[in-house]
Amino acid sequence: MFASIDDVVTRFAAHGYIANRRLATVVYLATGLRKPVLVEGPAGVGKTELAKVLAQALELPLIRLQCYEGLDEGKALYEWEYAKQLLYTQILKDKIGDVLRDTRTLAGAVERIAREDAVFFSERFILPRPLLKAISSEHPTVLLVDEIDKADQEFEAFLLEVLSDFQVTVPELGTLKAKHVPFVVLTSNNARELSDALKRRCLHLYVDYPDKQQELAIIGAKAPEARRELAEEVVNVVQSLRKLDLKKTPGISETLDWIKALTLLNIESLDHEMVNETFDAIVKYEGDVRKAQEELKEYLRRARVRRADGSDRDLLN
Amino acid sequence: MRAGMDEKLIEFAALLRDNGIRVSLAETLDAVDACRRVGLADRAAVYAALRCTMVKRAADGEAFDRLFALFFSGLGEVIKQASQAVQRELALSEREFQELIDQLAQLLAAHEGELSPLARELLAADSARLERRIRDAAREIRRLFPAPAGGQYRLRLKLAELIGLRRLERELGEIRQLVEESGYDPLARARMGQYVERRFNALETILQRYAGGETGQDARREREAREQQTLREKNLYYMSEQELDRIKGAVAHLAQRLKSAASVRRRITSRGRFDAKKTLRRSLRWGGVPFVLRFDKRKKDKPQIVVLCDVSDSVRNVARFMLQLMYSLQDLYWRVRSFIFVAELGEVTSHFRENDVGGALELALNGAVINVYAHSNFGRAFRIFAEDYAGAVNKKTTVLVLGDGRNNYNLPGDQFLGAIRRRAKQVLWLNPEGRATWGFGDSEMARYALQCDVVEECRNLNQLYRVVDRLLAR
């Protein structure tokens, strides 16, 4: 657990996550109040990473549930392992024969088997999926429900039920109650509006693109091999790219990919003919690439003018 | 102090609600919990705590920021500073200062009933109550005098009057006497005397600063918030063009919600496409015998919307608003067909698609599509629609009629509306006239209402909010 908001900031930083105070406050409150956090924001700003780092900082196992359209309880909660049950039945045929030896009628045999059926619906044959894993875990865990907006509305309602009581009912076994309430992080890209009921249960955190200083700090933490000057150039360009009307705006992960690629290729400055080849790391669509190249050219022109004569700003225009 | 904080947060929640941010009781309780945990000293932390517990939609963030700045504004800070200033002037340490306050409180406790609440709050340094008192007074003044009259000097006098400064002035003498007659040593008595004096002066400073520049601006912001609120209650008939412009954002927001109302997914069981994968998976339970077939249930109801909007002169202003709503709807969802009518009916879907909202409204209202200066004739419009555009409506279509139903004594033609309804999924009618007037004069609303699934009065923005909420709840 965290002692204070600053504690969150330091411990997250120790695991390479640069948290601003607002984010840290929400994390501090979520762990303190034991409430789920709903993290919203554009793609690639570190929503999923937040849950991972939270698990690392608290030294707890992370259980991840990736949502997608059509995800149902069977894949999220538990399933019976039919194959294993069948296999056991086959192997235990002799034993079953033993059990049934002294029964005379069919009804008697059924009765006898019925007495044993708890064997086949025991926890041995249950296949826990992420939600059940988180609930039945012996230790506290961090449960990441990723991209909840991709799941169907029915699943959302079901999740709501689980999140409010932290217990599930398996008809054959009875009700399983969580020994430890997991720390829950839900992420959403806002592909569809989530239900008010779910939002009410959660603390809400909107994560936006970082500002320049923050992004530099993130590069420093995540790609320490990158040169400082290059990092600054990259951040400048990326920040201006985000202002453009792109089909897919580059997130932090793209910035990191790009700077890693540049560093790997030993490119020291963006004023290099190879840079154009690395654009795939940062923009993903053909149209976007063209726009980004324009923007870079413009940036380099300004940079050159600035370098040539810092005081003579008239040249700029 | 604690209780003061709770009250303040409850008040804040009410303010948020007044401004269209939905905050439930549970969320308010969460906010209280969260504030206890982060403490009140760190403003940024309080902001983060309240924001994450009370605001659940990114779209509401901006309004929240504004209201937060307004509500947790300088006043508390000003009072705190004033208190610190008194402490500095008396050259006392934190502990001594607190002792002094406690001693005085004991002394005054004996005369509880005789002192005004203001005096007690002021001398006990109960800044939360004091802040509330001043705020309440300021609100009362704004209620009584909506237009800022007479500048800050008069505002200060009024504030002083309302919070009971005059009575306090009279009480000062008594308090001094109480202090003199108390059993404390002369040094303590002198200090208390000074303290009372300074406190009184500090209150005047507080009022002055609140009335004037520094905190005056958030009084202005508060007024703006109230205006926005009243705008939502204001009848659409009487809105100026600028006002209509200002509610544009709200309309777009509503359209978004209306869209999801029309697209509630319908779950269809044991129909749809056969899902071999799921069936096989399911059959494992019975050793591969497919006892239960599985179907692809992910059948989304893709709604189509047809909007018919009355743009006649009688509803000119409302029409602008309705067209805005129509434009936002079409903008959001491309399976929308938009029609306007007065006596004739014309389609404006393509105009709306190609122009921005201002241009589109201009086109709709300048008579380029239909003659807008005629007398409205709903019956005729419905007939044209039923005859010429029947293909636009099918079982998935929601037909939305925006109009007052005043037919100028023409043939009502409700049978055509009935014919449209039989083809459509549902017919919704939003009427900008009060329900009480429906059916009187040339209003054929009573007749039309029979042919609609939902008829709602929609005179102002708040009602429209409610209509959309109700549609969503269905």
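Proteins get letters first, then strands, A, B, ... in listed order; numbering begins at 1 in each. Computed from a predicted model, the values in this text were never measured in an experiment.
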Original post:
Which of the residues Val26(A), Leu86(A), Leu23(A) is involved in the greatest number of heavy-atom pairs with chain B at under 4.5 angstrom?
Top reply: Val26(A)
Original post:
Side chain, backbone, both or neither: which part of Gln85(A) has a non-hydrogen atom closer than 4.5 Å to chain B?
Top reply: neither
Subject >> Structural part of Ala26(B) lying under 4.5 Å from a heavy atom of chain A >> reply: neither
Original post:
Should the pair Phe158(A) and Phe155(A) be assigned to parallel (<30°), tilted (30 to 60°) or perpendicular (>60°) ring geometry?
Top reply: tilted
**OP:** Select, from Val55(B), Val23(B), Thr53(B), Asp30(B), the one with the greatest count of heavy-atom pairs under 4.5 Å involving chain A.
**Re:** Asp30(B)
**OP:** Return the option, out of Ser4(A), Ala30(A), Cys202(A), Ala24(A), with the maximum number of heavy-atom pairs under 4.5 Å with chain B.
**Re:** Cys202(A)
Original post:
Do Leu58(A) and Phe2(A) come close enough that some side-chain heavy atom pair is under 4.5 Å?
Top reply: yes
Subject >> Of Leu71(A), Asp146(A), Leu144(A), Leu77(A), the residue whose pairing with Leu65(A) passes side chain to side chain contact (heavy atoms under 4.5 Å, CB included) >> reply: Leu71(A)
Original post:
Would you find more than 12 non-hydrogen atoms of other residues, nucleotides or ligands less than 6.0 Å from Lys93(A) atom NZ?
Top reply: no
Original post:
In terms of ring plane angle, is the pair Tyr88(A) and Phe125(A) parallel, tilted or perpendicular, where the classes change at 30° and 60°?
Top reply: perpendicular
Original post:
Which region of Leu203(A), side chain (C-beta onward) or backbone (N, CA, C, O), has a non-hydrogen atom less than 4.5 Å from a non-hydrogen atom of chain B, or is it both or neither?
Top reply: both
